[in-house]
There are 2 protein chains.
Amino acid sequence: MKQIPANFSRPDTKERLLDAAERLFASDGFQGTSLRQLTAEAKANLAAVNYHFGSKEALLAAVFERRLLPLNELRSRNLQQLRLGAERPTSRQVLQAFVEPTLAFRDRDPGAEAFVRLVGRAIADPDDTLRKIFMRLMEPIFLLLYETLAEALPQLSRSDLFWRLHFALGALSHTMCLAGRFQIVPPGVTPAADAASLTSQVLDFLTAGMEASCS
Amino acid sequence: MKQIPANFSRPDTKERLLDAAERLFASDGFQGTSLRQLTAEAKANLAAVNYHFGSKEALLAAVFERRLLPLNELRSRNLQQLRLGAERPTSRQVLQAFVEPTLAFRDRDPGAEAFVRLVGRAIADPDDTLRKIFMRLMEPIFLLLYETLAEALPQLSRSDLFWRLHFALGALSHTMCLAGRFQIVPPGVTPAADAASLTSQVLDFLTAGMEASCS
DNA sequence: GTCTATAGATTGATAGAC
DNA sequence: GTCTATCAATCTATAGAC
């Protein structure tokens with residue numbers, strides 16, 4: 001039972017720490033962010049992280065859990081609904097069930113945008129701390145996505161499906177991580193990155209890749 | 001004019017530092033690797049990095065340059081050759097000209113495998129140090145790849161092409177970064193990761209994605 | 001070129017007053 | 001719960017002997 005804070009407009013310290021952490025971990029990395037930076041950004045005391053979470057690493061885990069548990073719950077409902085439908089789902093529907101919640105959620109609130117970049121980073125990061133925490137939370141939904149795609153694409157061998165899902169998650173994580181922060185843009189191109197057009201662009205690409213015939 | 005070392009079988013200190021750096025930066029990250037670890041791994045003195053390279057950051061730049069300059073030279077020759085051919089190249093040929101050197105080179109020597117993972121990481125890493133050094137070296141070849149793909153896919157708008165290339169590079173970097181080190185493997189799948197089959201798998205996927213019709 | 005020793009700054013974490 | 005003060009460890013980088 002949480003106490004109602006005296007000042008309604010200001011999130012309590014614990015939440016401010018989570019907000020600052022997802023912002024800084026996303027832009028400077030986990031190892032690249034010191035607790036001094038972090039607590040300053042959150043307008044909290046240096047000792048606050050250890051008081052509320054126990055350690056820097058436990059703070060990172062809390063950052064992931066706060067957003068990922070409800071997001072994966074939504075993805076899971078979407079995928080289960082497709083599996084229970086009367087007709088076999090198309091591969092595009094399956095991919096959409098997984099992708100759409102991410103990009104829609106990214107545009108809903110500004111903190112979520114940083115979080116999505118943090119996730120994009122966590123997938124590629126070789127650092128054990130970051131990746132292990134993330135993978136533990138993602139494993140069930142990855143396996144569910146794999147199984148649902150297998151039903152949508154029965155002609156594909158399990159091994160081919162595995163690789164293609166691997167490629168697709170790479171394209172997705174790269175997009176989530178870097179969308180709107182391009183390093184290199186060819187002259188004359190002004191890429192739009194709103195959720196709706198980005199979703200349909202990425203689904204066109206991924207669906208065609210998943211359904212490609214094998215050479 | 002380099003001196004021939006007294007002991008022929010052992011690379012000199014500078015090269016051992018580069019080898020150790022690409023191995024450790026790939027597995028623990030740039031910020032996650034200390035000069036103490038690094039010089040211990042290279043069996044060199046703690047002061048050796050600063051003597052030979054001037055700073056930790058300059059060592060990172062040297063790690064990239066050693067491998068990336070010849071690799072991009074090869075990619076560039078491949079792409080230019082396609083552009084000068086009599087017929088318009090297919091999108092698969094263009095992608096292959098870029099991808100094949102990477103994966104072939106990865107299997108040639110064991111250090112290169114670590115380097116390829118480091119590159120996969122550099123693309124997604126928000127850390128300025130890592131990314132800026134990398135992007136400076138990659139910008140010319142990215143733009144050449146973009147232009148060559150535009151010739152192979154004239155029906156695609158420049159903006160759509162940009163996004164799809166973005167997705168493709170994401171899939172590639174993810175594959176290079178994680179191939180052989182999967183976190184999650186569904187039961188019954190034993191993915192093979194030799195260069196030849198991986199190349200054809202990834203080209204099937206990327207070519208179909210690039211050529212997909214727009215929804 | 002390689003080494004020891006160390007400067008100078010920063011880190012995550014904690015003890016204890018309030 | 002929040003604060004100050006501080007510990008013990010670690011870091012990059014450098015000075016200077018050999």
| B:R67: which of B:E113, B:E73, B:E22 passes salt bridge (charged side-chain N to carboxylate O under 4.0 Å, His left out) |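 Going through the options one by one, the only one that passes is B:E22.
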| message | Heavy atoms only, 4.0 Å cut-off, all strands: where does B:T33 land among base, sugar-phosphate and nothing? | response |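 The answer is sugar-phosphate, as B:T33 gets under 4.0 Å only of primed atoms, P, OP1 or OP2.
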| request: Would you classify B:A48 as touching base, sugar-phosphate or nothing, given that sugar-phosphate means primed atoms plus P, OP1 and OP2, and contacts are heavy atoms under 4.0 Å? | output: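 Since no nucleic acid heavy atom lies under 4.0 Å of B:A48, the category is nothing.
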| request: Fit a plane to each ring of B:F115 and B:F64, take the angle between them on a 0 to 90° scale, and name the class: parallel (under 30°), tilted (30 to 60°) or perpendicular (over 60°). | output: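 Judged by the thresholds at 30° and 60°, the geometry between B:F115 and B:F64 is perpendicular.
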| query | In terms of ring plane angle, is the pair A:H166 and A:W163 parallel, tilted or perpendicular, where the classes change at 30° and 60°? | reply |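 Answer is perpendicular, since the angle exceeds 60°.
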Tell me whether the OP1 or OP2 atom of [N] has a side-chain N or O from [X] closer than 4.0 Å.
X: A:T13; N: D:dT2; answer: yes
X: A:N45; N: D:dT4; answer: yes
X: B:N50; N: D:dT12; answer: no

| field | Of A:Q37 and A:G54, the one whose closest DNA chain C nucleotide lies more 5' | value |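 Looking at DNA chain C, the more 5' nearest nucleotide goes with A:Q37.
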| Quick one: on DNA chain C, does B:L46 or A:V49 contact a more 5' nucleotide (nearest heavy atom)? |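 Its nucleotide being nearer the 5' end, the pick is B:L46.
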| message | Here's a test of your reading of the structure: between A:A44 and B:S34, which maps to the more 5' nucleotide of DNA chain D? | response |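 Per heavy-atom nearest nucleotide, the more 5' residue is A:A44.
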| field | Nearest to side-chain heavy atoms of B:R36, which nucleotide of C:dG12, C:dT6, D:dT14 | value |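 Selected nucleotide: C:dT6.
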| message | What's the closest nucleotide to the side chain of A:L35 if the choices are D:dC3, D:dA13, C:dG12? | response |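 For the A:L35 side chain, the nearest candidate turns out to be C:dG12.
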| Can a cation-pi geometry be assigned to B:R164 and A:F205, taking NZ or CZ under 6.0 Å from the six-membered ring centre and within 45° of the ring axis? |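 Cation-pi check for B:R164 and A:F205: fails.
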| task | Rounded to the nearest angstrom, tell me the gap between atom NE2 in A:H52 and atom C1' in D:dC3. | result |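 Interatomic distance, NE2 of A:H52 to C1' of D:dC3: 12 Å.
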